[in-house]
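In this chain, numbering begins with 1 at the start of the sequence shown. Just so it is clear, the structure is predicted and the values come from calculations on it, not from any experiment.
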Amino acid sequence: MDNNKFIKNLNSIIGEPNTLIADWNKQPFLKGWRYGEGDAIAVAKPGTLFELWQVLQLCVDMDIIVIMQAANTGLTGGSTPYGYDYDRPILIINTMRLSDIQIIDKGKQIIGFSGSTLFNLEDKLKSYGREPHSIIGSSCIGASIIGGVCNNSGGALVKRGPAYTELSLYAKIDSKGKLILVNELGVHLGNTPKEILTNLQDSNYGQSDIQYSSKLASDNKYQERIRDVNASTPGRYNADSRRLYGASGCAGKISVFAVRLDTYPISKSNQVFYLGTNDSYILGKIRKEILSNFKNLPTSGEYLHRDCYDAAKKYSKDTFIAINKMGPSFIPKLFELKRRVDLIAKNFKFLPNNLSDRIMQILSNFWPNHLPLRMENFRKRFEHHWVIEMSDDGINEANEYFKNFFASNEGDFFICTNDEAEKALLHRFVAASAFGRYYALNEKKTGGTISMDIALPRNDKDWFEKLPPEIDDLLEMKLYYGHLFCHVLHQNYIVKKGVDAEKLRQKLLKIYEARGAEYPAEHNVGHEYFAKPALSDFYKDLDPTNSFNPGIGQTSKLKNWK
């Protein structure tokens, strides 16, 4: 391929400042937030939807692989190249300049462009008294709206489930290698790609152009599924064929320009309850009774094991403080700074790997204890911690239930103040980064990491993992946290030095399969997990020439799926 010709054509579409070809400029886009890295001929940053279409057409004409990327906050390497064994050059298209969010139907629905973020959506909906499908965790690290849809993510909020829509606007490459634009957005915008994309970009459509059909803009069956506590299958997981449609679950096998999603009324009042117990069956009993008998479902229910509590307190302290003091909008800037520091450090052999993590860990040690006293007391008393948020009429229902329950069962609870509630939920969220920080500081002393995202059967009473000694003895650290109402658990392991992490990972997967679990539950397969037939068939149908994000789900990286 004539690289110079390609770059020249790319510059003519999006401008030279938005075409990144120098290694220094490309690096932040080539490496995943926690997993995977590779190379690309360039990183393109289109500024309009039609520019994105033109860039895609250029890639089709010159037989170049496209990897779509927004905030690059994924955990399984699904938005960056993975390795150096692709059969064609790669272009990364970063969509963060395409950040528009359009409000329709008086705020009941939105149209989000490919680079729009959950944080900005949450902020934009406040004046309408509404909020997005996901407001826990991902909004704090700047994740994109479309990234959540493409990866079946979300689901921590009990009443809403994973991000899902059947209303989207996307480009795909058909079996003959032709780029086509598919308008399933439910908005009449014209006939040609230029008309459709320009009219959407300019909000050039009226109320009469918006169609209200039977197509869904959210998962309307999730509450029903999660309440079915006797079902022998998980409530939500990535390869669930019921929630694979167009952009939803596509994992970058098409280029999504925009999605249309439902929004939700903001609760009038909220209350967080902090539960502790030394018996995992107690939490299982509470989960079953709440889902079976409560009139009002919880807003969320975030589980944290004591070991994970301790790890997050030590290794996620700086992230906690940054969000608590400077707000979620600061976090993307912090991660960008971290990446730049580590890139600089790589050029100097005398500097250690993961320099940014080492600096931030040292600085965090000087900060006083950031966790509330009542949480710390529960940490001393209890192994298992569960932070449950209720809203409106559900608050009194939960309060009466917990009083009666713990009067005759082991464990205890307290009603959080506003400050305690904010810090309890934030502590649970930042726990995800403790795993990576510990490994960054102790990489040479360990045998690697294993990160699992597991959806357990809804009727699994023995939900807390108890590994056989022959496996448990190979692990240096186990961190357990997750969304207990939907039985989605994140189980992160640090392997002892000298242990083959991949072989151990396969043994763990067999244990999960024997329990009837599905994986991954919400992080998508990326390049870390094997895509099961329902998922890989979906990918092949979307992308018959394998030109978008090849290799995802450990599938073929070769053209036409060879």
Got His523 and Tyr529 here, is their nearest side-chain heavy-atom distance under 4.5 Å? no
Cationic tip of Arg260 within the cone over Tyr212's six-membered ring, i.e. under 6.0 Å and within 45° of the normal? yes
Can Trp463 and Tyr303 be said to form a ring-ring contact (aromatic ring centres under 6.0 Å, His included), step by step? CA-CA 12 Å; Trp463 61 271; Tyr303 168 75; 5.0 Å; yes
Could you check whether Thr545 and Asn560, counting side-chain N and O atoms only, form a donor-acceptor pair closer than 3.5 Å? no
Please check if the number of heavy atoms outside Gln211 that lie under 6.0 Å from its CD is greater than 12. yes
Validation row: Leu91, Leu10 side chains within 4.5 angstrom (heavy atoms): yes
Over 12 foreign heavy atoms within 6.0 Å of NZ, Lys124: yes
If we only count heavy atoms from C-beta on, is the Gln102 to Tyr205 side-chain gap below 4.5 Å? yes
So do Leu216 and Thr165 actually touch side chain to side chain, heavy atoms under 4.5 Å? no
For residues 49-58, pull every pair meeting side-chain hydrogen bond (donor to acceptor under 3.5 Å, both in side chains), keeping only residues two or more places apart or in separate chains. Gln57-Asp61
Decide whether a cation-pi geometry holds between Lys557 and Tyr86; the criteria are a distance under 6.0 Å from NZ or CZ to the six-membered ring centre and an angle within 45° of the ring axis. yes
Test item: Phe257 and Leu181 side chains (from C-beta on) under 4.5 Å apart, heavy atoms: yes
Run the salt-bridge test on Glu166 and Lys215 with the 4.0 Å N-O cut-off and return the result as yes or no. no
Under a 4.0 Å threshold between the charged nitrogen and the carboxylate oxygen, would Asp219 count as salt-bridged to Arg242? no
Going through the checks in order, is the side-chain hydrogen bond (donor to acceptor under 3.5 Å, both in side chains) test met by Gln69 and Asn94? CA-CA 5 Å; Gln69 181 188 95; Asn94 184 277; 3.1 Å; yes
Would you call Arg160 and Glu131 a salt bridge, using N to O less than 4.0 angstrom? yes
Whether Arg437 and Asp357 form a salt bridge (side-chain N of Lys/Arg under 4.0 Å from carboxylate O of Asp/Glu) is what I want to check. yes
With no hydrogens and no angle check, just 3.5 Å: does a side-chain donor-acceptor pair link Tyr35 and Tyr82? yes
How would you list all residue pairs meeting salt bridge (charged side-chain N to carboxylate O under 4.0 Å, His left out) that involve residues 508-537, not counting sequence neighbours? Arg236-Glu522, Asp460-Arg515, Arg505-Glu528, Glu518-Lys532
Got Leu456 and Leu489 here, is their nearest side-chain heavy-atom distance under 4.5 Å? yes
Ring centroid separation for Trp561 and Tyr539, is it under 6.0 angstrom? no
Please assess Leu52 against Ile14 for the test side-chain contact (heavy atoms from CB on, under 4.5 Å), listing each intermediate value before the final yes or no. CA-CA 9 Å; Leu52 173 54; Ile14 60 176; over 6 Å; no
Check against side-chain contact (heavy atoms from CB on, under 4.5 Å), Leu30 and Thr80: CA-CA 6 Å; Leu30 297 177; Thr80 60; 5.9 Å; no
